[in-house]
Amino acid sequence: MGIAVKLPDGKVLELAGGATIRDAAAAIGARLAKDAVAGKVNGEVRDIRTPLKDGDTLSIITRQMPEGLNVLRHSAAHIMADAVQRLFPGTKVTFGPATETGFYYDFDKPGGFQMEDLEKIEAEMAKIIAADHAFQRVEISRDEAIRLFQEKGETFKVEHIGNIPKDEAITIFRHGDWVDLCEGPHIPSTGWIKAFKLTALAGAYWRGDERNPMLSRVYGSAFFDQESLDKFLVQQEEAKRRDHRKLGRELGLFSTVEEIGAGLVLWHPKGALVRKLIEDFWREEHLKNGYQIVYTPHVGKADLWKQSGHLENYKENMYAPMVLDNADYFCKPMNCPFHIHIFKDARRSYRELPVRYCELGAVYRYERSGVLHGLMRVRGFTQDDAHIFVQPEKLEEEVVGALKFCMFFLRAFGFTGFDAYVATRPEKAIGEQSAWDAATAALRKACEAAGLNPMLDEGGGAFYGPKIDVKIKDAIGRAWQLSTIQVDFNLPERFNLEYTGKDNAAHRPYMVHRAMLGSLERFFGILVEHYAGAFPAWLAPEQVRILPITERNLDYCQELAHHLRSFGVRVELDSSNEKLGQKIRVAEQSKIPLMVIVGDKDQTAGGGSLREHGKGDRGFLPREALIEEIKRSAARPS
RNA sequence: GCCGGGAUAGCUCAGCCGGUAGAGCAGCUGAUUCGUAAUCAGCAGGUCGCGGGUUCGAGUCCCGCUCCCGGCUCCA
């Protein structure tokens, strides 16, 4: 009996009963059959060996599609697991999925792996690939599956079978004589993998839960051709080249030292200058946008943190208390309770709402030693914090303003791609459902008003209220979460916040937590990587370097430097006894945006030769034009 | 915190089977006065992350700790 399946172009394909996706591809064309990796049946990715049913909608996934690459990588994970079990009998397998950049497989291997093992595993994988074993898909019964994996001693697989919903078919995939519990899909045969590399070893908990046993994870990546693997490796190098920790040291921006402690940052003069420029910009723009700047202490008494709920909910992230005059004081992990007390210091009228307090507040949080990472994850950092106290009915309007402000600010740093997420009520939450619904709707509308098309993060909100998160894309396409706007129903309650309404009655405001940059430390790290260390002139610690060609030009250069400094230009003079080529090299490596080269010719003509970082010589400019050009390049965005 | 890899001059790194530490760059001094990404020569620079142990002898082997890197988990 024949069947009919619908294709993406609307055509209907007639096939024999029991025909698989592969048969369908072959029926459409020989080229397609050659490139077909898997299929999408009724919207779900299915293995190429999956039998089709009458009425199915089918599209073919080829090796040119991203889904095809996922299939290849998942198969590579199987091949790796096969190789590992050949080399290290007694190793148990668990899970081995494809990831964004490759694949991994988690093993339970007594003693774990050593780095040298990777090469051995690669060699064994190469043999399996060379043998070009076909992948076979077999549907088996639950009992058969349990028996099979019990015999093999694959206890993790047996456990997993118990977690597969009863109504789902159980499939196993076989290549050569190796078999894995797996729903697929897989490439037609192992030989489809033309390029692969094992990249890293790591630990990972069974099912990602730290109460479970630690497994050994092997990471790798795989491609349909060698070129793509090479390109991938070059990209990895590019990310390494931009690493803010490396650039931070090379450019003298910041450091951390063992003597002070992990996750505690020293801002060196150049990094501190960039930070100061960001902070100046930040404060000025906040004042323009109706915020009030406040300063609050670094520590507060235990009762404050009890009232705020931090000692209840956040204690494991707080530094241990210090005892002064029989009272416990804690370093602040957040600024909110302090801002709340400023709000509470007077009776507030609806006329003065919304009240917007902002602070670049240094907070301290205990982070587990293993999670610390350069400037991105530290134990002492500066939040670009703001707390807005607003009438519930004015929430939407206020969030629109806050969000537009965020976007303006992020754009000023050269970010262009944004993704917004609205996170809704989680299971464990406080506050009325109606309040949640109204606030969530307000956040969504605010996103639209700010020109963002938000994705919904169902249940991703904090227990105290819904939020908007904004992620940016950096120069090499990586996403970073920066801005967050969070509605808080909880703290106004806990601190009994009130304002007097038009009706002369007391009302409870909403509180909105807002960060645009997240933390100055992390944002600075992201900026360094985004610009690859080459800050735009308005942010560069040194904007211009003057390079005299010989000592004869020194006095003239000195005078020019003074003159530029009088306009607020950050300029240095390279008076070293080196040839021009060397001075240029050093300035280029220091990523100084502009260089002015002055030799006898320039001096006589009364000007200088401009050179731009990364772009090269721009030729001679007379003095006034030179100064104008420098002032123009160094201007802050507005 | 857990798994894996590390820590040698300011930086990047070499140092074999345990025999008492080396290069390049940076620094300093001198020569050179030079036109768009490295001028030459000389000098100086180390408690081999910290503490303990094994040994006649430890940068090297063992144990503990600190810090760093890649992950897990978590998050600004």
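First the proteins, then the strands, lettered A, B, ... as listed; each starts at 1.
Between the NZ atom of K579(A) and the CG atom of L547(A) there is a distance of 15.5 Å, given to the nearest 0.5 Å.
The ring of F413(A) has its center no closer than 6.0 angstrom to the ring center of H530(A). If you look at W305(A) and F338(A), their ring centroids are closer than 6.0 Å. Taking the six-membered ring wherever Trp is involved, the centroid distance between the rings of Y219(A) and Y104(A) falls below 6.0 Å. Between F107(A) and F88(A), the distance from one ring center to the other does not fall under 6.0 angstrom. Ring centroids of F415(A) and W480(A) are separated by 6.0 Å or more, keeping the two rings apart.
Using N1 to N3 plus N6-O4 or O6-N4 for Watson-Crick, or N1-O2 and O6-N3 for G-U wobble, each under 3.5 Å, U20(B) pairs with nothing. A 3.5 Å limit on both hydrogen-bonding distances identifies C28(B) as the Watson-Crick or G-U partner of G42(B). Using Watson-Crick or G-U wobble geometry with both donor-acceptor distances under 3.5 Å, C67(B) finds its partner in G6(B).
Considering only side-chain N and O atoms, H373(A) lies nowhere under 4.0 angstrom from the phosphate OP1 or OP2 of C68(B). Distances shorter than 4.0 Å separate none of the side-chain N or O atoms of Y104(A) from OP1 or OP2 on C72(B). Under 4.0 angstrom from either OP1 or OP2 of U12(B) there lies at least one side-chain N or O belonging to R249(A). For the pair S369(A) and G1(B), the criterion of a side-chain N or O lying under 4.0 Å from OP1 or OP2 is met. Distances shown here put a side-chain N or O of R245(A) below 4.0 Å from the OP1 or OP2 atom of G70(B). Contact between the side-chain N/O atoms of R552(A) and the OP1/OP2 oxygens of C34(B) is found at a separation under 4.0 Å.
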Expected rows: protein N/O vs nucleotides 42-44 of chain B N/O, under 3.5 Å:
none

Name the pairs: protein N/O against N/O of nucleotides 27-31 of chain B, kept only if under 3.5 Å.
from: A31(B); atom 1: N6; to: N577(A); atom 2: ND2; distance (Å): 3.4

Below 3.5 Å is the cut-off: list the nitrogen or oxygen pairs between protein and nucleotides 47-52 of chain B, distance only.
none

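A heavy atom closer than 4.0 Å to some atom of RNA chain B occurs in G518(A), S519(A), R522(A), these being the qualifying members of residues 513-527 of chain A. Non-hydrogen atoms lying under 4.0 Å from RNA chain B are contributed by I597(A), G599(A), D600(A), K601(A), D602(A), all within residues 592-602 of chain A.
Closest approach of A446(A) and L403(A) over heavy atoms only: O-CD2, 3.8 Å.
With rounding to whole Å, I485(A) atom CD1 is found 15 Å from A76(B) atom P. To the nearest angstrom, C1' of G71(B) lies 16 Å from CZ of F103(A). Per the geometry, CG belonging to L198(A) stands 14 Å off C1' belonging to G4(B), to the nearest Å. At whole-Å resolution of the value, CG in N313(A) and P in C75(B) are 13 Å apart.
Here the separation of G30(B) from C16(B), taken at their P atoms, is 40 Å to the nearest Å. For A9(B) and C50(B), the P atoms lie 10 Å apart once the distance is rounded to whole Å. Annotation: A14(B) and G6(B) have their C1' atoms spaced 16 Å apart (nearest Å). Taking atom C1' in both G70(B) and A58(B), one finds a spacing of 30 Å when rounded to whole Å.
Residues P548(A) and Y556(A) form no side-chain contact, since every pair of their non-hydrogen atoms from C-beta on lies 4.5 Å or further apart. Two residues are said to be in side-chain contact when any heavy atoms from C-beta on lie closer than 4.5 Å; R514(A) and F405(A) meet this criterion.
Legend: residues meeting side-chain hydrogen bond (donor to acceptor under 3.5 Å, both in side chains) with Q486(A), ordered by chain and number and at least two apart, are Y464(A), T484(A).
In this pair, Y219(A) does not lay its aromatic ring on the base of G71(B); centres under 5.5 Å and planes under 30 degrees do not both hold.
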